[in-house]
Structure formats: C-alpha cells, structure tokens
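In what follows, a structure is listed as structure tokens, so that the remarks can point back to it.
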Amino acid sequence: MEPINHFFMLVDFGLGIKGRHILAFCQVFSPSSLLVVYSMPLNVPMFQHYKFTAAERFLQYVQIDTQSDPQSSSYPSTEKQKDLSKILATELQQMGIADAHMDEWGYVYATIPSTTSKKVPVICFCAHVDTAPDCSGTNVKPILHRNYQGQDIVLPDDKTQVLRMSDYPYLQKLTGHDIITASGTTLLGSDDKAGVAEIMDMANFLMTNKNIKHGEIKILFTPDEEVGKGTAKVDLKKLGANFGYTLDGGDAGSLEDETFSADGVQVIIHGVIAHPGYAKDKMINAMKIAGEILAALPKDRLSPESTDGKRGFIHPVRVEGIAEKCTIDFIIRDFETDGLKKKEDYLRTQIEERMRTYPKASFEFTVTEQYRNMKEILDVNTHVVDFAKEAIARAGLELKMESIRGGTDGSRLSFMGLPCPNLFAGEQAIHSKLEFISVQDMNKAVETMVHLVCICEEKS
Ligand SMILES: [Zn+2]
C-alpha cells in the first residue's frame, strides 16, 4: 500500500525567542511517513547542561583574608592579597589558560584565546581581590541559606546581626533563591570576590564550551581597589584590551556607566601671630577663620549629608592648624566637570567674604584633579555600554542604569585608555556584617558576560 502522503509537522519547542534557530530534520517513523521539523534555538540551551561554579568558588575565596590597608605605602598594600591572586592564577592555568600569571604587584593577567576567525575587539573583565578595611575580613565563615522564603536571617556568631527584608527591600526579589551571608562577626567579601568568582566561572564555561564563538578575552584581577590604588601598577599595554567591564556592582541587571567627577581643594589660611599677652589689635587667629569658613558652609544643600542622586557636594575632610596657619582639605564632587568648577568658585567666594574682615590675613586655594566621570569616555565609545545592555537583556534581566556616587577603578581605567563601565555582580549590603548575595544572581552575571562576548563577535 502506498503511503497517503508524507506528513509534515512543524514543531517549535518555544524554548526561546532570541538567537538563531537551526532546522533539524529527522525521520521519526519508519518507513518514512512522518517528518518532523524541529526549530531549535541555539543559544538558549547554552547554559542548560552547565553546572555553574561561581558560588562554589566564591565560598572558597571569601575564606581567604585579603583586606587592604589604607595606611600602607607598599604595593600591594598587604601581602596577603597575593594569597588569593596566586590561587586564581593557578586555577586559570588548570583550566588550560596558558599565560595566566600573577605579577610582582599582585595583579593577575590571563587570556582566553579567540575561537573565531573574525577580527573581534579584545574585551577585558576585571575584578578586585581585596576587601574593604571598614570591617574585619579575617576568618570569614560563609553560610549558604538555600531556598530563601522571606524569613529573617539571624547570623549565628552574633545574634544581634539580623538580615531583614524590611531593611533590605532587594530581598523581596530573592524569594526562592539561595543566599550566602557571613556568620555575624565579619564582612562577607562579595565586594568584590563575587566579581572574581563570576569571571572565573565565565572562563571555566568558555574553556569547556569551545564551540561558542568569541574573540580574545582578557582577565584582570587587581589588588587595593578599596584603598584607591587598584590601578596604580596596572599595565594596560600588557593587558592589550580594547575595552573592559568591572564586575563590581549590585542588583542583577544593573549597569553603571557614570561616576562622580572629583577634585580636591586645599585651603591654607595664613593668620598673623603675636605674643598672646600683647596681641591686642595685632593677632589674627587662622584657626578661628577656619572655623568661620566651616560654619558658613551650607548644611541643607551642597553637603554629603543633604544630597543624593545626581547632586554633588563640597565636603571638608580634614582640618589641621595652629593660630598662625590653618589648612582645610575639601573634596568636591559632581557628575559634571562644569559643576565641579561652579562648586569650587562658590567655595572660593565664601572664603573671600570671610577674609574681607581680616585684611592682614591671607589664603591659598589649590585645586587638584582626582578623577573624572567615566561617562565622558563612554559617550564616545557607545558600543561598550550597548553590548552590555543587550547582554543583560539576553540573560533575561531587566536593565537598571545607575550612577555611582564615587569613583571606581573603572573610571580610572576609562581615562587611562580602557573604557570600562561596571556590570552587576550581585553584591548587597557591602562593607557590612550583613552583606549577602544570591547564588542565582551570580550565575546571571556569568551568563551576562558570556552573552556579551558572543554579541561582540556577532557584531564584528
Ligand atoms: Zn568593589
């Protein structure tokens, strides 16, 4: 008997919308009476069979004390940071990354070779190994709380440390997630060991999935970010990347492409000194003028205590003096370089007004550039942020653009020639004993990086 007709069935498994689809024909029944046409998405199963290693690595890395020291003048500021850097270099080598190494300053460099014949820009992923000096990082005991259901989490080594959803609203988004905390007496160190572990997992994924097309990828782990010296000994020429991303942010899906622009201002007031017993109509006390200047600064605006969002400030950070001479150090912050200038002019005017009362006293006013808003660089390299936005979308996350009210290694790297916005790493409540992180957020950061390198290859 002749088969009636070949029967075709079109099946789309609907596993995903994004990405190219391949058509696979197969004969289901013998003899050939039924042909099934699969439409199979290529990039959705990308992580389907992958066992993420970010959390497992993170639990190991946080137990290594890597606190940096702001008082130290050595590089790195503490030798113990190298304890982790050495392990990272070894683990990268074990993955098959031949050039992975730590240099004398404690920086780790590594190259994941390209898997494409296209000419693709070199992307760098960067994280810092040190933890903040604000809170102890010795004997960190990480705890994994599986399947979080919104309950208060009491940290066992100090029961007064309680993680509550009412204090940390982001926890609302983490129902069902596995959450890692410290035990109550130390910080956790997700800033930035989360970024470190995620980059390591991204490397592991790409080294075990060489069918995925991407260009050359550079890995950079730095010491001393928390003490503002993370880029002091970095060798960008050796790194050889076109642009990069620090993995050092918070909520899943967040992307930071703006930082403050920052100047320091030093004001030196010269008074007039005389023997205090015979000082009538002669002495001008520089410390008292300094007091007047500080008292005249606005308290309900232009100060760190009264500003948030996109507003900057004038902030006295140190006073030192004697009657004859008094020095005040200020930091000036704004998102616009123009705004910095305006604040400096305002401060100078305020000081001039005070000084008018004391014609025999004088002052010096010195402005030092500290760092600039990375947006100035990223605005002329729009693809860097665009790739990240698309990668976040492909990872199934909602994009959250944020500005950093501070400076990052990324802002310094951007001005050193490596445009470098900041991608989320999942860090929450950083620099505190209540620090926490979601394992699922960490895995999403890994996915985002992989999507990002694929996007860059596709668009090259
Ligand atoms: Zn950090």
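In each ligand, atom 1 is the first atom listed, and ligand 1 is the first ligand listed.
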| Strictly by modelled atom types, are T116 and S114 linked by a side-chain donor-acceptor pair under 3.5 Å? | no
| Counting no waters, what protein N/O/S atoms lie under 2.8 Å from the Zn ion (ligand 1)? | H128 NE2, D191 OD1, D248 OD1, D248 OD2
| query | Side-chain donor-acceptor pair under 3.5 Å between T111 and K218, yes or no? | reply | yes
| field | H431-D191 side chain donor-acceptor pair, cut-off 3.5 Å | value | yes
| Reference residue D224; test side chain to side chain contact (heavy atoms under 4.5 Å, CB included); the match among H128, Q81, K233 | Q81
| said: Could you check whether N204 and Y50, counting side-chain N and O atoms only, form a donor-acceptor pair closer than 3.5 Å? | reply: yes
| task | Using the salt bridge (charged side-chain N to carboxylate O under 4.0 Å, His left out) rule, take K342 and D338 through it: C-alpha gap first, then chi angles, then the decisive distance, then the call. | result | CA-CA 6 Å; K342 278 185 194 142; D338 266 9; 5.5 Å; no
